[in-house]
Number of protein chains: 2
Amino acid sequence: MRDIDIAEVAGLSGVRASTLRFYEEKGLIASHGRRGLRRLFDPAVLDRLALIALGRAAGFTLDEIGRMFAPDGRPRIDRKMLATKADELDRTIRRLNAMRDGLRHAAVCPAPSHMECPTFRRLLRVAAAGKMETPKKEPAKSRRKS
Amino acid sequence: MRDIDIAEVAGLSGVRASTLRFYEEKGLIASHGRRGLRRLFDPAVLDRLALIALGRAAGFTLDEIGRMFAPDGRPRIDRKMLATKADELDRTIRRLNAMRDGLRHAAVCPAPSHMECPTFRRLLRVAAAGKMETPKKEPAKSRRKS
DNA sequence: CTGCCAGTTCAAGTGAACTTGAGGTCAAGG
DNA sequence: CCTTGACCTCAAGTTCACTTGAACTGGCAG
């Protein structure tokens, strides 16, 4: 059996069926045919989904990711863009490090109020100054097979 | 002059007036009175905004941040929550580091296609496996005084 | 043959964090 | 006094990435 159906893709990739349909509609993945109504996918879709997950994790939007695939479907990733994103990640990481240290300190700081702690106030300045990419909450993660 | 008006707060904090009104509506900040229609703020609102920026940067939602202030307005920050968030940040940072390294590699990788590069494939597995907090795009940053 | 159930479509809803638009008000400057 | 312009309110719109609901279809087990 060459092709796998949407439930299998969902099972193997951890991506929900509704998301797979959404991705297909967006042109991020393509189904290869149908058995009845059921979409059939080439197993290579799993690589594609991994690629999409990678892009998302690196901070690309779905549209940006979509643009990384040539119209014929081959991934054609701009190396310069990758380097740029890496630099961006680097800056984000540096800030998050400062944040984490500050939070960690604040958690054990003996000052009666956080506002009286010099370390905390320094942290505040970092936060107020540097507009950073704000991390987002995880996507609800409602479990399938409820 | 004790109090400062919304334009000054915006200027000093870099937070747009519309955002300040939004924050006030949400109960995150409070204006102290009016001159005519104009809100007047206590300069301490600047600390408050820094605190909010810090919370956002650390990945708290506005609602969570709101809950960090006691109803009387004093910041009462749960140290355990801070530590938890620090740990969370730590995990995020580790992943982002892996991402950055992978992206950096992919940017210079000599393999003809990224899919043929073992490092890239390893990166793919990291991304596919680890559901991480996905960084979000910066908030539009449209300049005032258009 | 028949009914189930997992799939399908399409439109609309969600939530976070704001921004924008329309229409109104008011303190200050000329 | 009257205009001006920055502020006001309230409702609705925006973006992103999905999820949900209602109504429907069709392969397969019994």
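Owing to the predicted nature of the structure, the values given are computational and were not obtained by experimental measurement. Excluded from the calculations below are hydrogen atoms, water molecules and symmetry mates; all remaining heavy atoms, backbone and side chain alike, are included.
Classification of Glu24(A) and Arg21(A) as a salt-bridged pair fails, no side-chain N sitting under 4.0 Å from a carboxylate O.
The side chain to side chain donor-acceptor pair (under 3.5 Å) check on Asp87(A) picks up Arg104(B), with sequence neighbours excluded. When the side chain to side chain contact (heavy atoms under 4.5 Å, CB included) test is applied to Leu40(B), the partners found at least two apart in sequence or on another chain are Asp3(B), Asp5(B), Arg35(B).
Applying the 4.0 Å criterion to OP1 and OP2 of dC18(C), one finds that Ser18(B) has every side-chain N and O outside that range. A sub-4.0 Å separation between OP1 or OP2 of dA27(C) and a side-chain N or O of Arg35(B) is absent. For the OP1/OP2 pair of dC18(D) and a distance below 4.0 Å, the side-chain nitrogens and oxygens of Tyr23(A) include at least one atom meeting the criterion. Contact between the side-chain N/O atoms of Thr19(A) and the OP1/OP2 oxygens of dA17(D) is not found at any separation under 4.0 Å.
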Polar atom pairs (N or O), protein with nucleotides 5-9 of chain C, under 3.5 Å:
unit_1: dT8(C); atom_1: OP1; unit_2: Arg39(A); atom_2: N; d: 2.9
unit_1: dT8(C); atom_1: OP1; unit_2: Arg39(A); atom_2: NH1; d: 2.9
unit_1: dT8(C); atom_1: OP2; unit_2: Arg21(A); atom_2: NH1; d: 2.3
unit_1: dT8(C); atom_1: O5'; unit_2: Arg39(A); atom_2: NH1; d: 3.3
unit_1: dT8(C); atom_1: O3'; unit_2: Arg34(A); atom_2: NH1; d: 3.3
unit_1: dT9(C); atom_1: OP1; unit_2: Arg34(A); atom_2: NH2; d: 3.1
unit_1: dT9(C); atom_1: OP1; unit_2: Arg39(A); atom_2: NH2; d: 3.3
unit_1: dT9(C); atom_1: OP2; unit_2: Arg39(A); atom_2: NH1; d: 3.1
unit_1: dT9(C); atom_1: OP2; unit_2: Arg39(A); atom_2: NH2; d: 2.7

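Atom CZ of Arg34(A) is surrounded by more than 12 heavy atoms from other residues, nucleotides or ligands within 6.0 Å.
Nearest-nucleotide assignment on DNA chain D puts the 5′-proximal partner with Phe22(A), out of Gly36(A) and Phe22(A).
Side-chain polar atoms of Asn97(B) and Arg100(B) form a donor-acceptor pair below 3.5 angstrom.
Atom CD of Glu25(B) is separated from atom C1' of dC8(D) by 13 Å (rounded to the nearest Å).
Residues Lys26(B) and Asp63(B) meet the side-chain proximity criterion, which asks for heavy atoms closer than 4.5 Å.
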